[in-house]
2 protein chains.
Amino acid sequence: MKVKADDRLEQAREEFIAQWGAMGTQWGINRTMAQIHALLMTAAEPMSTDEVMEALEISRGNAHANLKELVAWGLLRVVVKKGERREYFEAEKDVWRIFTVVARERKRREIDPALEVVRRCAEESRGIATPEGRAFHEQMRQLEEFVEFASRMADRVAMMKHGFAIQMAAKLLG
Amino acid sequence: MKVKADDRLEQAREEFIAQWGAMGTQWGINRTMAQIHALLMTAAEPMSTDEVMEALEISRGNAHANLKELVAWGLLRVVVKKGERREYFEAEKDVWRIFTVVARERKRREIDPALEVVRRCAEESRGIATPEGRAFHEQMRQLEEFVEFASRMADRVAMMKHGFAIQMAAKLLG
DNA sequence: CATCAGTTTCAATTATTTCCGAAAATTGAG
DNA sequence: CTCAATTTTCGGAAATAATTGAAACTGATG
């Protein structure tokens, strides 16, 4: 009976890892990175680079690069076991924290650069007197205003505590 | 003086198109698609496939595929000029509408599939009696709850009118 | 200081995505 | 129906991104 339970778990877990990995693609996150995250999010104990390599059948270089990236994002912590030299990795498991971390990162990669572009274009087109020039400038201005708004919203959301978000949501969904 | 104004505009516009296109990459939208969108968003008049091809120096196949995709997203409208056989394309210029369209599409591509995955995994791991099984199931359940929440939020936001969103924002940013 | 476990880097390979260009299909006018 | 204009499809070329595998590096230990 124990064996059967383990099998079921192993199967469900593998499916989760595979699917979450495939989804990473859609999210602009590479497959390996998403898989490692899924693997560690559902691991009972921290895992070493070698364990990750074996579990996902990936090369050392790949495992290494993506583990580091996940640490940089703040989705993994490095854990050192006493008396052991090698590093172990442990995932953030709190769903809300995962969300805020990802939100921050995406804002940095998607919103901030957009804001710069749009600001520069609004600036460069200031005061062009033709009708087309005015229309272009106005379009850039509106875009700038919106992206700035999105930027601030993203900051706020990323800073929110779980409880507050739920409260917000209640209002919004009510 | 008119020439100079036109030059400045042309330059600013080209920069916008190039940069917005480059940014598309980060957004998981292909470069051509983002460029076409930028081009038409800043065009005084609707443009034909051939005009788009020429303006961006891209092939017919590429122009065609991406114009169609943008129409499918709802970011472009097809316009038929009377007495003309060929189709012209016109961009949605209202920033808030652009945002809600993109939000809807991203929800469809990013959130909905995630919800399915997580639901199935939560279901498949229901009732596994080992400690690991319980932990896994609980993790999936939390993920499911969160993704469902995100899904509903996205729906709400996508449906919001501009005014209401601003009002919300005031509360949130206040 | 030689060795060993482990980490990091990187050139080469492989996989994926995007794009072209030309051919095929469709459409509307005459 | 025929023809020319226009749209659509599609196989493969080109560009981009991910991954490997092996070598270089690091620093702790005897």
Side-chain angles (χ1 to χ4, degrees), chain A residues 17-18 20-40 46-73 76-90 105 109-110 113, chain B residues 17-40 46-73 76-90 105 109-110:
Chain A
I17 292 167
W20 200 250
M23 276 220 10
T25 304
Q26 298 293 328
W27 283 68
I29 290 166
N30 88 35
R31 199 170 65 253
T32 305
M33 192 167 154
Q35 283 180 339
I36 294 179
H37 183 233
L39 177 71
L40 283 164
M47 297 175 74
S48 68
T49 303
D50 292 74
E51 287 164 344
V52 170
M53 285 167 61
E54 186 181 20
L56 301 179
E57 303 184 48
I58 58 176
S59 72
R60 181 173 303 284
N62 195 12
H64 176 75
N66 286 293
L67 283 165
K68 283 292 132 120
E69 187 70 5
L70 283 162
V71 170
W73 279 42
L76 298 185
R77 274 181 293 280
V78 176
V79 177
V80 276
K81 294 193 179 177
K82 53 186 169 186
E84 283 236 42
R85 188 157 150 204
R86 87 177 109 206
E87 302 183 320
Y88 286 77
F89 299 89
E90 176 179 57
E105 188 64 24
R109 296 199 304 175
E110 299 182 357
Chain B
I17 291 167
Q19 299 278 18
W20 200 251
M23 276 220 8
T25 303
Q26 298 293 329
W27 281 67
I29 291 166
N30 88 37
R31 197 171 68 255
T32 306
M33 189 167 154
Q35 282 180 339
I36 294 179
H37 183 232
L39 176 71
L40 283 164
M47 297 175 73
S48 68
T49 302
D50 291 77
E51 286 165 345
V52 170
M53 286 169 60
E54 186 180 21
L56 302 179
E57 302 184 49
I58 59 177
S59 72
R60 181 174 303 282
N62 194 14
H64 176 77
N66 286 293
L67 283 166
K68 282 292 130 119
E69 187 70 5
L70 283 162
V71 170
W73 279 45
L76 298 185
R77 273 181 294 279
V78 176
V79 177
V80 275
K81 294 193 180 179
K82 54 186 169 186
E84 282 237 39
R85 189 160 152 200
R86 84 178 115 209
E87 303 183 321
Y88 285 77
F89 299 90
E90 176 178 58
E105 186 65 22
R109 297 198 304 173
E110 298 182 358

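Residue numbers start from 1 in every chain, and the chains themselves are labelled A, B, ... in the order their sequence lines are given, proteins ahead of strands. All values derive from a computational prediction rather than experimental measurement.
- Between A/Arg85 atom CZ and D/dC25 atom P the separation is 17 Å, expressed in whole Å.
- Listed nucleotides: C/dC20, C/dT18, C/dT17. Nearest to the side chain of B/Ile58: C/dC20.
- Among the protein residues, A/Ser48 comes within range of no part of the nucleic acid, since none of its heavy atoms lies under 4.0 Å from any strand.
- A heavy-atom distance below 4.5 Å is found between the side chains of B/Val78 and B/Phe89.
- Computed from coordinates, the B/Glu57 CD to C/dC19 C1' distance equals 14 Å when rounded to whole Å.
- Closest heavy-atom contact between A/Ala34 and A/Ile29: N-CG2, 4.1 Å.
- Nearest-nucleotide assignment on DNA chain C puts the 5′-proximal partner with A/Arg60, out of A/Arg31 and A/Arg60.
- Salt bridge status for A/Glu87 with A/Lys68: present, with a side-chain N to carboxylate O gap under 4.0 Å.
- Nearer to the 5' terminus of DNA chain D, by closest-nucleotide assignment, is the contact made by B/Glu84 (compared with the other of B/Glu84 and A/Ser59).
- Between A/Arg86 and C/dG6 there is a side-chain N or O to OP1 or OP2 distance below 4.0 Å.
- Between B/Met47 atom CE and D/dT6 atom P the separation is 16 Å, expressed in whole Å.
- Looking at heavy atoms from C-beta onward, B/Met47 lies in side-chain contact with B/Leu40 at the 4.5 angstrom threshold.
- In this structure, A/His64 atom NE2 and D/dA22 atom P are separated by 18 Å, rounded to whole Å.
- Atom CD1 of A/Ile29 and atom C1' of D/dA17 are 15 Å apart (whole Å).
- Note: CD (B/Glu51) to P (D/dA5) measures 17 Å, nearest angstrom.
- For the pair B/Met53 CE and C/dA22 C1', the interatomic distance rounds to 12 Å; values are reported in whole Å.
- Considering OG of A/Ser48 and CZ of A/Arg85, their distance stands at 14.0 Å, rounded to 0.5 Å.
- Distance CD (B/Glu87) to P (C/dT27): 11 Å, rounded to an integer number of Å.
- For B/Asn30, whose side chain is taken as the heavy atoms from C-beta onward, the closest listed nucleotide among C/dC19, D/dA18, D/dT20 is C/dC19.
- Using a 4.0 Å heavy-atom criterion, one finds that A/Asn62 contacts the bases of the nucleic acid, with or without backbone contacts as well.
- For A/Thr32, the listed nucleotide lying nearest its side chain is D/dT19; candidates were D/dT26, D/dT19, D/dT8.
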